[in-house]
Amino acid sequence: MKSILQDKKECWFCKTIQNLHRHHCFGGANRKHSERYGLTIYLCGYHHNLSNESVHFDKELDLLVKQMAQKKFEEIYSHEQFMKIFKRNYL
C-alpha cells in the first residue's frame, strides 16, 4: 500500500531526495502490518541506518516515528484497531 504518512519521495527528516531508503515504521513481526496499512516513510541513509542519528540507532527518533504513525493510523481507523493489530501503545 502507498504510504499514508508521506506524499513526496524525500527524507522525512531532512527532505533530501538522495540515497533514499523505505522505512517500515513498525518492523519485526509488524513489518507486514506496516506495509498493509501504509505505515512507511522515506529516509535518507543517514537518518535510516547509517549514523547514530538514525531511527535504527536513536531510540528517541524511532519513538517519534512510531508515535506519528500511530496517530495517523488512529485518525483513519481507531485506537482499538491499532491495539488489536500492533499490540502496543506508543503514545
Side-chain angles (χ1 to χ4, degrees):
M1 175 180 200
K2 183 180 175 188
S3 176
I4 64 170
L5 305 170
Q6 234 179 350
D7 307 6
K8 297 179 181 176
K9 193 172 180 178
E10 64 186 15
C11 177
W12 191 72
F13 288 108
C14 69
K15 308 301 182 207
T16 186
I17 58 171
Q18 303 295 317
N19 189 28
L20 295 176
H21 302 190
R22 194 159 167 252
H23 176 70
H24 294 78
C25 298
F26 306 99
N30 287 316
R31 183 181 174 96
K32 66 181 178 183
H33 298 305
S34 289
E35 188 72 36
R36 179 176 181 196
Y37 291 99
L39 300 173
T40 60
I41 57 175
Y42 283 104
L43 297 172
C44 66
Y46 182 85
H47 287 113
H48 185 230
N49 61 1
L50 299 177
S51 77
N52 289 334
E53 296 177 35
S54 66
V55 294
H56 283 280
F57 296 110
D58 184 324
K59 290 183 184 244
E60 288 181 25
L61 282 183
D62 183 51
L63 180 59
L64 177 70
V65 168
K66 284 176 169 53
Q67 289 173 333
M68 178 266 310
Q70 180 177 345
K71 286 177 187 175
K72 187 64 173 181
F73 180 96
E74 291 180 1
E75 284 176 19
I76 298 168
Y77 303 100
S78 68
H79 177 71
E80 293 74 24
Q81 187 73 4
F82 184 86
M83 294 304 295
K84 180 179 177 183
I85 295 167
F86 296 97
K87 307 201 183 327
R88 182 172 170 196
N89 185 13
Y90 295 92
L91 301 178

Looking only at atom types and distance, does a side-chain atom of [X] sit under 3.5 Å from a main-chain N or O of [Y], one as donor and one as acceptor?
X: Lys66; Y: Cys25; result: yes
X: Ser3; Y: Thr40; result: yes
X: Glu10; Y: Ile17; result: no

Spacing of [atom1] belonging to [X] relative to [atom2] belonging to [Y], to within rounding of 0.5 Å:
X: Gln81; Y: Lys84; atom1: CD; atom2: NZ; answer: 5.5 Å
X: Glu53; Y: Cys14; atom1: CD; atom2: SG; answer: 11.0 Å
X: Ile41; Y: Leu20; atom1: CD1; atom2: CG; answer: 11.0 Å
X: His33; Y: Phe86; atom1: NE2; atom2: CZ; answer: 6.5 Å
X: Met68; Y: Phe73; atom1: CE; atom2: CZ; answer: 14.0 Å
X: Leu64; Y: Lys59; atom1: CG; atom2: NZ; answer: 15.5 Å

Query - Full working for side-chain contact (heavy atoms from CB on, under 4.5 Å) between Tyr42 and Arg22 - result: CA-CA 5 Å; Tyr42 283 104; Arg22 194 159 167 252; 4.2 Å; yes
Heavy-atom pair of closest approach, residues [X] and [Y]:
X: Val55; Y: Asp62; answer: O-CB, 3.3 Å
X: Cys11; Y: His47; answer: SG-ND1, 3.6 Å
X: Ile85; Y: Asn30; answer: O-OD1, 3.7 Å
X: Phe82; Y: Glu74; answer: CB-OE2, 3.8 Å
X: Phe13; Y: Leu43; answer: CD1-CD2, 3.5 Å

Query raised in the report: Would you say Asn52 has more than 12 foreign heavy atoms packed within less than 6.0 Å of its CG?
Result: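 Counting other residues, nucleotides and ligands, CG of Asn52 stays at 12 neighbours or fewer.
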**Report entry** Heavy-atom neighbours of Lys15 NZ exceed 12 at 6.0 Å
**Finding:**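 It does: Lys15 NZ has more than 12 such atoms within range.
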Report task. Find out whether Trp12 and Val65 are in side-chain contact, i.e. whether some heavy atom of one side chain is under 4.5 Å from a heavy atom of the other. Result ->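 Yes, close enough: below the 4.5 Å cut-off.
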Requested in this report: With the side chain counted from C-beta on, respond yes when Thr16 and Tyr46 share a heavy-atom pair under 4.5 Å apart, and no when they do not.
Outcome: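 A side-chain contact is absent here, since even the closest heavy-atom pair is not under 4.5 Å.
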Query raised in the report: Do Glu35 and Lys32 sit within salt-bridge range, that is, some charged N less than 4.0 Å from a carboxylate O?
Result: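 No, no charged N to carboxylate O under 4.0 Å.
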Query - In one Ile/Leu/Val/Met/Phe/Trp/Tyr side-chain cluster, 4.5 Å: Ile76, Leu5 - result: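 In one cluster with Ile76: Leu5, yes.
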Report task. Check the pair Leu39 / Gln70 against side-chain contact (heavy atoms from CB on, under 4.5 Å), numbers first and verdict last. Result -> CA-CA 9 Å; Leu39 300 173; Gln70 180 177 345; over 6 Å; no
Report task. Just do the side-chain contact (heavy atoms from CB on, under 4.5 Å) check on His79 and Leu91 with the steps written out, would you? Result -> CA-CA 10 Å; His79 177 71; Leu91 301 178; 5.5 Å; no
Report task. Assess the pair Phe26 and Tyr37: is the distance between their ring centroids shorter than 6.0 Å? Result ->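 Aromatic pair excluded; centres sit 6.0 Å or further apart.
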Query raised in the report: Sequence neighbours excluded, which residues qualify as side chain to side chain donor-acceptor pair (under 3.5 Å) partners of His23?
Result: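 His23: side chain to side chain donor-acceptor pair (under 3.5 Å) contacts with His48.
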